[in-house]
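Notes follow the structure.
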Amino acid sequence: MTTEFSRPHVAYFGYKNGELAVENVAISAIAAKYGTPFYVYSAAAVRERVAKLRAALDGLDIQICYAVKANNNLSLLSLLVNEGCGMDIVSDGEMQRALTAGAPAGKIVFSGVGKTDEEIAAALNAGVHQLNVESIEELDAISRVAGKIGKVATVVLRVNPDVDALTHPKITTGTSKNKFGIAYADAVNTYAAAAARKEINMVGIAVHIGSQITDVAPFRQTFERLAQLTQAIRAKGLTISRLDLGGGLGVSYDGSAGIDVIAYAQTIRETLGDSGCALTIEPGRFIIAEAGALVAKVLYGKNQGNVKFSIVDAAMNDLMRPALYDALHPVWPVREPAADAEALPVHLVGPVCESSDTFGEFDHLPALERGDLVMLGVAGAYGATMSSTYNARPLIQEVLVEGDSFRLVRRQWTVEDALALERDL
Ligand code: LLP
């Protein structure tokens with residue numbers, strides 16, 4: 001596959017004085033100070049994404065709960081808390097991060113298909129806004145745990161609307177083939193049964209149909225189903241006051257259009273604007289993907305037959321998405337290519353011992369030499385959070401840029417950090 005990714009298409013990333021900069025900071029300055037590889041984020045870009053979403057949703061009674069799984073760096077979380085975001089979490093680890101970053105418990109939504117008793121207890125003790133429940137057995141566990149610690153759990157039922165989100169199969173969640181939520185046909189009865197439990201305060205329903213959705217149509221279909229369910233629940237004489245619409249808003253990896261947030265918001269107004277319910281959305285990628293990138297250095301070049309490889313110092317363990325979903329992240333050379341630079345087809349690969357350790361084949365990059373820096377763009381979401389230490393490679397550092405300045409927001413793991421887990425037992 002070949003694709004052209006010549007220049008950044010995302011806000012706050014661009015060439016200045018012949019080299020790539022994030023806001024006003026040259027990437028080479030960050031590399032000189034901290035070494036490579038690293039993730040870099042633009043604070044202004046994050047704020048702009050939140051503002052864009054908020055402006056689109058204007059007039060709706062809606063809370064943005066950022067999906068922490070997309071990127072859980074504490075500095076980014078606290079930036080988002082300051083922007084007024086709540087948090088959507090799926091584990092105690094994410095809850096601890098959200099709380100540490102200053103998120104009010106009352107703005108935390110606990111999603112996820114497999115909460116442990118310990119996680120349920122921790123969430124109830126912290127006083128989270130709601131638990132999104134995905135099965136009857138989970139309802140049983142919540143009733144039991146809440147009863148034991150003398151609390152009433154505020155619960156929202158996650159429903160599987162059986163809508164195809166028209167996205168990658170590995171990130172589709174809302175069809176009946178997926179493990180998520182309670183079947184649409186069972187939703188009203190399950191809601192009624194849960195509402196009858198004394199340890200449970202049943203307040204609403206939730207959906208999440210998948211990720212990287214760039215078409216508004218599946219959202220409309222889903223929200224129409226939510227509106228129908230809301231009516232059906234009320235028709236049974238039950239109360240419902242909250243609707244959680246999930247995340248999934250898609251972004252642009254290649255310069256083509258991401259989701260049209262104005263149309264998305266209008267769809268919410270048209271389908272649920274008069275539902276009388278407080279609304280929540282759980283966007284992750286939309287807020288953070290375009291605001292982040294992975295920077296790597298070229299270690300070696302080599303020709304294998306007529307294929308040219310550039311081996312960089314970042315790998316599949318740092319950015320899993322290409323290996324896992326065949327995702328193609330744009331590659332931008334840090335030194336601005338001369339207008340007449342010759343483009344050479346190249347496979348950009350990492351040092352990990354797997355053939356799937358590739359970032360893709362590109363045919364519009366200038367010749368890359370040992371020591372050159374490259375940026376893999378649109379990597380702020382599901383980049384750092386999905387990284388691993390495969391091949392005993394350390395988790396890499398993360399840097400936050402704000403205007404003219406930059407700072408480390410996660411230091412690199414060291415071999416010592418890793419060895420201590422096994423040695424100091
Ligand atoms: N809410 C729930 C219940 C979710 O499961 C997810 C994502 C979100 C919200 C946030 O979705 P977003 O707005 O970011 O699309 N690792 C994959 C994406 C997996 C998404 C899982 N759930 C990737 O790198 O593409």
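Remember, it's 1-based here, ligands and their atoms both numbered in the order they're listed. Values in this document were obtained by computation on a predicted structure and should not be read as measured data.
- There is a side-chain donor-acceptor pair under 3.5 Å between Arg321 and His329.
- Residue contacts with ligand 1: Pro283 is included, with a non-hydrogen atom under 4.0 Å away.
- Here the straight-line distance linking atom OG1 of Thr267 with atom CD1 of Ile262 works out to 11.5 Å at 0.5 Å rounding.
- The only option from Val374, Asp372, Leu368 that meets the side-chain contact (heavy atoms from CB on, under 4.5 Å) definition with Ser310 turns out to be Leu368.
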Self-check item: Audit row: Arg144, Asp117, salt bridge (charged side-chain N to carboxylate O under 4.0 Å, His left out) steps and yes/no
Solution: CA-CA 9 Å; Arg144 185 167 26 81; Asp117 283 10; 2.8 Å; yes

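- The proximity of Tyr325 to ligand 1, defined as any non-hydrogen pair under 4.0 Å, is limited to the side chain.
- Distances from ligand 1 to the non-hydrogen atoms of Arg158 include at least one value under 4.0 Å.
- Relative to the ring axis of Tyr15, Arg7 does not place its NZ or CZ within 45° and under 6.0 Å from the centre.
- Look at Ala70 and you'll find every heavy atom at least 4.0 Å from all atoms of ligand 1.
- Figure legend: cation-pi geometry between Lys69 and Tyr382 absent, as NZ or CZ is not positioned both under 6.0 Å from the six-membered ring centre and within 45° of its axis.
- Close approach of ligand 1 to Gly284 (heavy-atom distance below 4.0 Å) involves ligand atoms 12 (P), 13 (O), 14 (O).
- For ligand 1, the atoms lying closer than 4.0 Å to a non-hydrogen atom of Gly248 are 11 (O), 12 (P), 13 (O), 15 (O).
- Considering backbone and side-chain N/O atoms, Arg285 comes within less than 3.5 Å of an N/O atom of ligand 1.
- At a heavy-atom cutoff of 4.0 Å, ligand 1 is contacted by both the backbone and the side chain of Glu282.
- At a 4.0 Å heavy-atom cut-off, ligand 1 does not touch Leu324 at all.
- Near Gly247, with a cut-off below 4.0 Å to any heavy atom, the atoms of ligand 1 are 9 (C), 13 (O).
- Other residues, nucleotides and ligands place no more than 12 heavy atoms under 6.0 Å from the CD1 atom of Ile136.
- For the pair Lys297 (side chain) and Ala314 (backbone), a donor-acceptor distance under 3.5 Å is absent.
- The N/O atoms of Phe286, backbone and side chain alike, include none that comes under 3.5 Å of an N/O atom in ligand 1.
- Contact atoms of ligand 1 toward Ser211: 11 (O), 12 (P), 14 (O), 15 (O), 18 (C), 20 (C) (distance under 4.0 Å to a heavy atom of the residue).
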